[in-house]
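Report on the following structure.
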Amino acid sequence: MTDIIGIAGSLRKGSYNAALLRAAVEFVPDGHRLEIESIAGIPLYNYDLEADGIPEPVARLKDRIATADGLLIVTPEYNNAIPGVAKNAVDWLTRPPGDISRVFRGKPVAVMGASPGRFGTVMAQAAWLPVLRTLRTRPWFGGRLQVSSANEMFDEEGRLVDEKIRDLLREFVSGFFEFAAR
């Protein structure tokens, strides 16, 4: 069984990226698992806080990612880049620096995202690449999913209703699980 941890890089209640992550769970191959974790509750990084000890939400998420077979990041795009809350979470996950290898080294990672804009999350996904390289992850490049016009792809309850995007998501999830299992 392949166990993937998924995190959405947004804290908004009606986040399209959280909705996309929930939709991804529907397409997990039989016998495998995609567990949704949250970056909510992770404080802004501050060395003074770190000196007092790693906050519980950070320690818990680090342990979950470290023991998982892969990580799925579902990222919004803010000002053509990674959202601050998502980058902040990753910054915390690398503290202390000695934990980087335990949490990230060789970890299969996929990135996808949704945006109400016309270009999806192409710039945010590209911005994740140097971060993933620095952490020495094993990024999956076998699929790309950038949901544009996200406000038209989900219903009022946050369900993915666009059949073309559902098909693309099914392929993306299947491909990433296959990659992570190797």
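This chain uses plain numbering: 1 for the first residue, then up along the sequence. These numbers come from the heavy atoms of this one structure, side chains and all, not from hydrogens, waters or symmetry mates.
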**Asked** Would you say the side-chain atoms of Arg159 pair up with the backbone N or O of Val161, donor to acceptor, closer than 3.5 Å?
**Response** no
**Prompt:** Within the side chain of Arg166, is there an N or O that forms a donor-acceptor pair under 3.5 Å with the backbone of Leu160?
**Reply:** yes
**Item:** Test side-chain contact (heavy atoms from CB on, under 4.5 Å) applied to Gln125 and Ile82, Val111, Ile73, Leu145, the passing residue
**Value:** Val111
**Message:** Can you give me the closest heavy-atom contact between Asp3 and Arg33, atom names plus distance?
**Reply:** OD1-NE, 3.2 Å
**Request:** To the nearest 0.5 Å, tell me how far Ser149 OG sits from Ile165 CD1.
**Result:** 9.0 Å
**Request:** Assess whether side-chain contact (heavy atoms from CB on, under 4.5 Å) is satisfied between Leu49 and Trp92, documenting all intermediate values.
**Result:** CA-CA 10 Å; Leu49 289 177; Trp92 263 115; 3.9 Å; yes
**Prompt:** Asn88 side chain to Tyr45 main-chain N or O, any donor-acceptor pair under 3.5 Å?
**Reply:** yes
**Request:** Would you name the heavy atoms of Ser10 and Val85 that are closest together and state the gap between them?
**Result:** CA-CG2, 4.4 Å
**Asked** Trp140 vs Phe179 aromatic rings, parallel, tilted or perpendicular, using cut-offs 30° and 60°?
**Response** tilted
**Message:** With a 3.5 Å distance limit and no angle check, can you tell me whether Lys107 reaches the backbone of Ala68 through a side-chain donor-acceptor pair?
**Reply:** yes
**Prompt:** Is any NZ, NE, NH1 or NH2 atom of the basic residue among Asp69 and Arg182 found under 4.0 Å from an Asp or Glu carboxylate oxygen of the other?
**Reply:** no
**Request:** Ignoring hydrogens and angles, tell me if any N or O in the side chain of Thr94 forms a donor-acceptor pair with the backbone of Asp91 under 3.5 Å.
**Result:** yes
**Message:** Closer than 4.0 angstrom, basic N to acidic O: yes or no for Asp99 and Arg95?
**Reply:** no
**Request:** Apply side-chain contact (heavy atoms from CB on, under 4.5 Å) to Arg22 and Ile36, showing your working.
**Result:** CA-CA 8 Å; Arg22 288 190 304 272; Ile36 297 173; 3.9 Å; yes
**Asked** Okay, side chain of Glu77, backbone of Ala124: is any donor-acceptor separation there less than 3.5 Å?
**Response** yes
**Message:** Tell me whether Ser15 contacts the main-chain N or O of Leu11 through its side chain, where contact means a donor paired with an acceptor under 3.5 Å.
**Reply:** no
**Thr137 side chain to Leu132 backbone, donor-acceptor under 3.5 Å** = yes
**Nearest-0.5 Å distance, CZ of residue Phe177 to CG of residue Leu72** = 8.0 Å
**Prompt:** Hey, does the side chain of Asn79 reach the backbone of Ala81 with a donor-acceptor pair shorter than 3.5 angstrom?
**Reply:** no
**Prompt:** Rounded to the nearest 0.5 Å, what separation is found between the CD1 atom of Ile7 and the OG1 atom of Thr75?
**Reply:** 9.0 Å
**Request:** Kindly compute the distance separating CG (Asp63) from CG (Leu93), expressed to the nearest 0.5 Å.
**Result:** 10.5 Å
**Asked** Any idea how Tyr16 and Phe154 line up, ring-wise: parallel (<30°), tilted (30 to 60°), or perpendicular (>60°)?
**Response** parallel
**Message:** Salt bridge or not between Arg170 and Asp167? Use side-chain N to carboxylate O under 4.0 Å.
**Reply:** yes
**Item:** Contacts of Glu56 that satisfy side-chain hydrogen bond (donor to acceptor under 3.5 Å, both in side chains) - sequence neighbours left out
**Value:** none
**Fill in**
Interatomic distance, OG1@Thr121 vs CH2@Trp128, rounded to 0.5 Å, equals 11.5 Å
**Asked** Considering residues at least two apart in sequence or located in another chain, which fulfil the ring-ring contact (aromatic ring centres under 6.0 Å, His included) criterion with Tyr78?
**Response** none
**Prompt:** How many angstroms lie between CD in Gln146 and CE in Met112, if you round to the nearest 0.5 Å?
**Reply:** 12.0 Å
**Asked** Run the side-chain contact (heavy atoms from CB on, under 4.5 Å) check on Val131 and Val90 step by step: do they pass?
**Response** CA-CA 9 Å; Val131 175; Val90 169; 4.1 Å; yes
